[in-house]
Amino acid sequence: MVLRFAERQKKLTQLKKVNLSGTYGSDQWVADFDVSSSTGRTDLRAPVFYIDAARETGEILRQFSLDSQAQDLLEGLDPAPFDPALLELLGYVLRRSYSEFLVYEVTAFSEEDDPLPYFATESMGIRYSLPQMGRGELSAAYLLWRVHSLPRGSIVVLEEPESHLAAFSQEKLVDCVVSLAVDRDLCLLVSSHSPGFFQGLPQDNVTYITSIPAPAVRSGLPISQLSAQLGLRPNKAAVLLVEDRVAAEVLHATLSHLDHDLLSRVDIRHVANGESGITRVLAEIQVGGSTGVEILGIFDGDQRPDGSPEQGAKINYLAGEEAPETLLRGLLIRWRMGEFRNWLPPLPEGAEALRMALEGLDGSDLHDWIEELGKTFGGLRPIVRASVDLLLDDTKLNEQSVQLVGWIRAKINAQ
């Protein structure tokens with residue numbers, strides 16, 4: 001089954017109408033919804049299910065608590081055990097070892113014979129049942145049981161599935177829900193207010209929806225920005241050590257251009273004594289693993305050896321084969337001489353102001369040059385950011401920059 005937006009929303013858009021189209025099996029389908037009139041139509045033939053585990057388990061607890069002889073309802077019923085795979089998923093979410101998990105399907109509360117599940121389990125030699133379960137445990141068990149039992153190929157709408165769960169369980173739950181969706185060919189639409197639930201998802205799979213003051217949709221936003229919008233600042237996953245202040249700005253600009261979301265996960269620091277300072281820190285401080293923080297060294301390009309860095313190494317290199325000041329000055333000279341004709345300096349003063357500033361600094365000392373150029377344009381960061389924009393127009397330098405950013409991302413994701 002394939003679901004896709006007919007027109008992808010990349011920026012803030014006031015939501016007036018939703019148009020969906022896709023395929024189910026070999027059949028094409030469309031669906032429309034008008035926000036102002038709250039009317040819609042669809043010819044989709046796939047089964048659709050809505051699951052609000054927190055609300056539904058609350059109702060289950062209420063029904064059984066109102067019956068003073070609830071245990072009598074189980075007489076004559078044969079429980080169905082969670083299969084080993086489902087039991088393993090539940091234990092993974094809750095960090096608990098279960099020897100069994102039984103489900104009694106009770107129909108006494110419904111004239112239509114719609115069953116309510118009554119759970120009984122054993123963990124660490126202790127047997128207990130639904131009334132003794134915590135709300136998080138009950139919600140997780142109910143959600144996994146429901147999703148696991150749905151017809152293959154269903155569309156499933158999940159309402160805040162992370163409710164009542166601890167933060168570590170929220171992160172594990174998304175893994176299990178995705179696993180079940182893949183195994184049963186389900187299409188999931190999930191609402192969530194928990195960054196812990198959606199932080200591990202690709203940003204193209206997460207959309208921010210608001211209803212006040214008017215319905216609106218934001219998609220394609222970095223996960224870190226969505227998390228911050230909900231009040232959570234991401235933890236730093238790595239400290240990146242560079243040789244000096246200019247190198248720090250070059251690395252910052254490179255990440256900003258190529259993987260802005262990664263900026264929120266790293267801390268860039270320049271060290272005393274350049275290359276030797278980085279080497280000493282890496283040798284003396286051992287982190288990573290259980291601490292969740294990596295310390296990585298990013299040397300200037302003029303330190304680059306032949307070949308790529310080793311997979312397990314903690315050292316990589318800025319783009320180019322020169323010190324950053326030399327590289328950026330050379331690129332701007334090439335631009336003044338007529339190369340990069342399509343590049344427009346992303347500076348408020350524009351191309352002519354940059355040309356005049358460069359002319360005024362001809363013959364100046366290399367280190368003084370970039371500092372003085374920064375003063376003309378409001379600081380070192382704006383001019384380095386603009387120069388890195390030019391750097392990425394060079395094919396080879398672009399490839400090296402992409403490799404560096406991918407390497408940093410891989411180091412963080414491997415934790």
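Nothing here was measured: the structure is a model prediction, and the numbers come from that model.
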Between [X] (side chain) and [Y] (backbone), is there a donor-acceptor pair under 3.5 Å?
X    : Y    : value
S387 : L328 : no
Q400 : G320 : yes
T279 : E275 : yes
Q170 : L165 : yes
E56  : D52  : yes
E321 : G301 : no

**Request:** Decide salt bridge (charged side-chain N to carboxylate O under 4.0 Å, His left out) for D32 and R41; before the verdict, give the C-alpha distance in whole Å, the side-chain angles of both, and the deciding distance to 0.1 Å.
**Result:** CA-CA 6 Å; D32 300 299; R41 67 176 183 86; 2.9 Å; yes
**Message:** Looking at D393 and R341, is there a salt bridge between them, counting it only when a charged N and a carboxylate O are closer than 4.0 Å?
**Reply:** no
**Prompt:** Cation over ring, R355 on W335, under 6.0 Å and within 45°?
**Reply:** yes
**Within 45° cone and under 6.0 Å: R304 NZ/CZ vs F299 ring** = no
**Request:** Start with the C-alpha distance between K396 and E399, add both sets of side-chain angles, then the distance that settles salt bridge (charged side-chain N to carboxylate O under 4.0 Å, His left out), and finish with yes or no.
**Result:** CA-CA 5 Å; K396 182 178 179 180; E399 290 175 354; over 6 Å; no
**Request:** Could you please spell out the steps behind the side-chain hydrogen bond (donor to acceptor under 3.5 Å, both in side chains) verdict for E159 and Y50?
**Result:** CA-CA 8 Å; E159 182 74 27; Y50 174 82; 3.3 Å; yes
**Message:** Can you tell me how far apart CG (L240) and CZ (R269) are? Round to the nearest 0.5 Å.
**Reply:** 11.0 Å
**Fill in**
CG of L354 to CG of L373, rounded to nearest 0.5 Å, is 6.5 Å
**Request:** Would you please classify the geometry between the F119 ring and the F101 ring as parallel, tilted or perpendicular, with 30° and 60° separating the classes?
**Result:** tilted
**Prompt:** Given Y118 and S129, is the side-chain hydrogen bond (donor to acceptor under 3.5 Å, both in side chains) satisfied, shown in steps?
**Reply:** CA-CA 8 Å; Y118 185 95; S129 58; 3.2 Å; yes
**Request:** Output all residues satisfying ring-ring contact (aromatic ring centres under 6.0 Å, His included) with F33, sequence neighbours left out; order by chain, then residue number.
**Result:** none
**Request:** Apply side-chain hydrogen bond (donor to acceptor under 3.5 Å, both in side chains) to the pair R385 and S256, showing each step before the final yes or no.
**Result:** CA-CA 9 Å; R385 183 177 175 86; S256 180; 2.4 Å; yes
